[in-house]
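These notes are about the structure you will find just below.
Position 1 is the first residue of the sequence, and the numbers go up from there.
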Amino acid sequence: MDYYYVQLEHLITALLYLTVENLVMDNTKLTLADLKFFHAIDMLLYILLVKDLARNPYESLQIMGIWLWLERGFFNMISKGENRLNFCNIISKIFNLPPFLINEIADEAVLCLKCINNQFPSPFSPEAAIIPLTHNLMKNDISLQFFLENSYVIFHEVQRLISDIYIPMLSDIMETARHGGFNPSPEQSPSGPTQSPDDSLSRSLSSLSIGGETSQARARAHENEASRPNRTMFVTFSKGYPVTEDEVRGFFTRIFGDCIESFYMHEVGDDEQALYAVVVFERLSIIQIILDGESKAKFSINGKHVWMRQFVPRGGRGILPCGCFSVGPSTCPHHQ
């Protein structure tokens, strides 16, 4: 039954986009109500970026522009020479992903924006040009090099979409975010310095005394829990080359021994491929060795490419093993 619901959703999405495109081609003026109706998911995704992920409102508007440009099928027109738009529901796909993964895809979009704004003047090496999450969503060979080579055209097309669609429908939300409208009110916020969920949890744990546990042991437990975000890495896999948890665990165990504290693999159906995993290592030094001074690392596990990058917390948020953000009492569906 779920399969038919998904197919129906895809059909409705395609029909809506075709309707919008026909209106645009006929130079029919869309009302603000029309835009909000046809792009309801876009609005929810933008709110998630600026509210839940605490991202910059203006940058998030540009990120949405990149995603809408990809959804409209302009990539295929440029890269493959197609003479018509082929829509894909990339925005709906992104919206249905865990927040941590959405944050990572948004970071890839920022790199694309830097390319079309000529902030990367030199060509990329093949490995540096990879944007694996966007590549997996689009199911094609999109890369940063493509955005760099076509920066002029893409920049103007993205700005047109932002100007015609997103500014009219998202400007009020952007202003609310810019003026702190999504932050807790002073009445709701506790007095004193803001504490992240990781800090408060580690303090609670360190205040307990189990058996004859010494203060030094409690201090080590406190330090270990507080450093958990720094010991967390995000792992992505290539579409069409499935990697199992055992393969990843085995790869690092052979190198570092018993080094993994917790491991969460992307939950998918029996006939689907996991595209990412979240790994918490026992020691920060392991991540330093893996990255070797770079922002991301690439490995080949049994002939399949794996990319890894360190988790970067935003807005004081912690991270759960499943990749969901921890904000106050956990509402993560994996821990109910």
Side-chain angles (χ1 to χ4, degrees), residues 13 39 41-75 87-117 120 124 128-147 154 158 161-162 166 170 232-240 264-268 272-279 295-298 305-315 317 319-320 322-325:
T13 301
H39 296 276
I41 295 180
D42 307 50
M43 292 180 64
L44 294 175
L45 182 56
Y46 181 75
I47 292 173
L48 188 150
L49 289 173
V50 299
K51 179 176 180 285
D52 298 338
L53 300 181
R55 299 189 72 103
N56 179 280
Y58 176 75
E59 182 185 80
S60 296
L61 191 69
Q62 300 293 315
I63 290 171
M64 293 295 302
I66 283 286
W67 289 342
L68 183 59
W69 183 84
L70 291 172
E71 181 160 282
R72 289 295 183 92
F74 289 108
F75 170 77
F87 295 104
C88 63
N89 58 338
I90 184 175
I91 290 178
S92 176
K93 290 178 181 178
I94 294 173
F95 180 72
N96 286 295
L97 294 171
F100 179 66
L101 191 57
I102 295 175
N103 206 40
E104 294 290 328
I105 299 172
D107 285 342
E108 290 188 356
V110 171
L111 294 178
C112 298
L113 288 168
K114 289 182 177 181
C115 288
I116 65 175
N117 282 279
F120 290 139
F124 294 94
I130 295 173
I131 39 178
L133 295 174
T134 307
H135 170 89
N136 288 334
L137 282 171
M138 294 295 296
K139 299 180 181 179
N140 55 38
D141 294 329
I142 194 167
S143 68
L144 293 178
Q145 188 64 36
F146 169 81
F147 284 93
I154 299 175
V158 168
L161 290 173
I162 292 174
Y166 281 154
L170 297 178
T232 301
M233 295 201 77
F234 185 62
V235 190
T236 54
F237 313 118
S238 295
K239 189 77 173 179
Y264 176 80
M265 181 71 81
H266 178 203
E267 294 180 358
V268 294
E272 298 178 301
Q273 175 194 339
L275 297 180
Y276 71 92
V278 178
V279 182
S295 61
K296 62 182 177 180
K298 179 183 177 182
H305 290 161
V306 172
W307 289 265
M308 301 186 70
R309 59 183 296 180
Q310 188 171 16
F311 164 67
V312 180
R314 289 179 180 270
R317 288 161 168 76
I319 181 115
L320 298 169
C322 58
C324 295
F325 284 107

side-chain contact (heavy atoms from CB on, under 4.5 Å) evaluation trace for Met64 with Ile162 | CA-CA 8 Å; Met64 293 295 302; Ile162 292 174; over 6 Å; no

How long is the span from the CE atom in Met43 to the CD1 atom in Ile41, to the nearest 0.5 Å?
-> 12.0 Å

Side chain proximity check, Leu49 to Ile102, heavy atoms < 4.5 angstrom = yes

Minimal non-hydrogen separation, Ile154 against Phe147, with atom names = CD1-CD2, 3.7 Å

Looking only at atom types and distance, does a side-chain atom of His266 sit under 3.5 Å from a main-chain N or O of Leu275, one as donor and one as acceptor?
-> yes

Donor-acceptor pair, side chain of Asn103 and main chain of Pro99, under 3.5 angstrom | no

Please name all residues satisfying side-chain hydrogen bond (donor to acceptor under 3.5 Å, both in side chains) with Gln62, sequence neighbours left out, ordered by chain then number.
-> Tyr58, Gln159

Are Cys115 and Phe146 close enough that some pair of their side-chain heavy atoms sits under 4.5 Å apart?
-> no

Who are the side-chain hydrogen bond (donor to acceptor under 3.5 Å, both in side chains) partners of Thr236, not counting sequence neighbours?
-> none

Apply side-chain contact (heavy atoms from CB on, under 4.5 Å) to Tyr46 and Ile63, showing your working.
-> CA-CA 9 Å; Tyr46 181 75; Ile63 290 171; over 6 Å; no

By ring-ring contact (aromatic ring centres under 6.0 Å, His included) - contacts of Tyr166 (at least two apart) = none

What one should report as the nearest heavy-atom pair of Ile90 and Glu71 is N-OE1, 3.1 Å

Considering all heavy atoms, the nearest Lys93-Leu137 contact = NZ-O, 3.7 Å

Are Pro132 and Glu108 side-chain neighbours, meaning at least one heavy-atom pair lies under 4.5 Å?
-> yes

Nearest heavy atoms of Phe234 and Val278, plus distance in Å = CD1-CG2, 4.2 Å

Gap between atom CD1 of Ile131 and atom CG of Leu111 - 0.5 Å precision = 8.0 Å

Check for a donor-acceptor pair, side chain of Asn89 on one end and backbone N or O of Ser92 on the other, with a separation under 3.5 Å.
-> no

Under a 4.5 Å cut-off applied to non-hydrogen side-chain atoms, are Phe237 and Asn136 in contact?
-> no

Please tell me if the side chains of Trp67 and Asp42 come closer than 4.5 Å, counting only heavy atoms from C-beta onward.
-> no

Ile66 side chain reached by Thr134 side chain, heavy atoms, under 4.5 Å = no

Kindly indicate whether the side chain of Val235, heavy atoms from C-beta on, has any atom under 4.5 Å from the side chain of Tyr276.
-> no

Quick one: closest heavy-atom pair of Arg309 and Ser295, and the distance?
-> CB-O, 3.7 Å

His39 side chain reached by Leu68 side chain, heavy atoms, under 4.5 Å | yes

Take Ser143 and Ile130 through the test side-chain contact (heavy atoms from CB on, under 4.5 Å) and record every step on the way to the result.
-> CA-CA 5 Å; Ser143 68; Ile130 295 173; over 6 Å; no

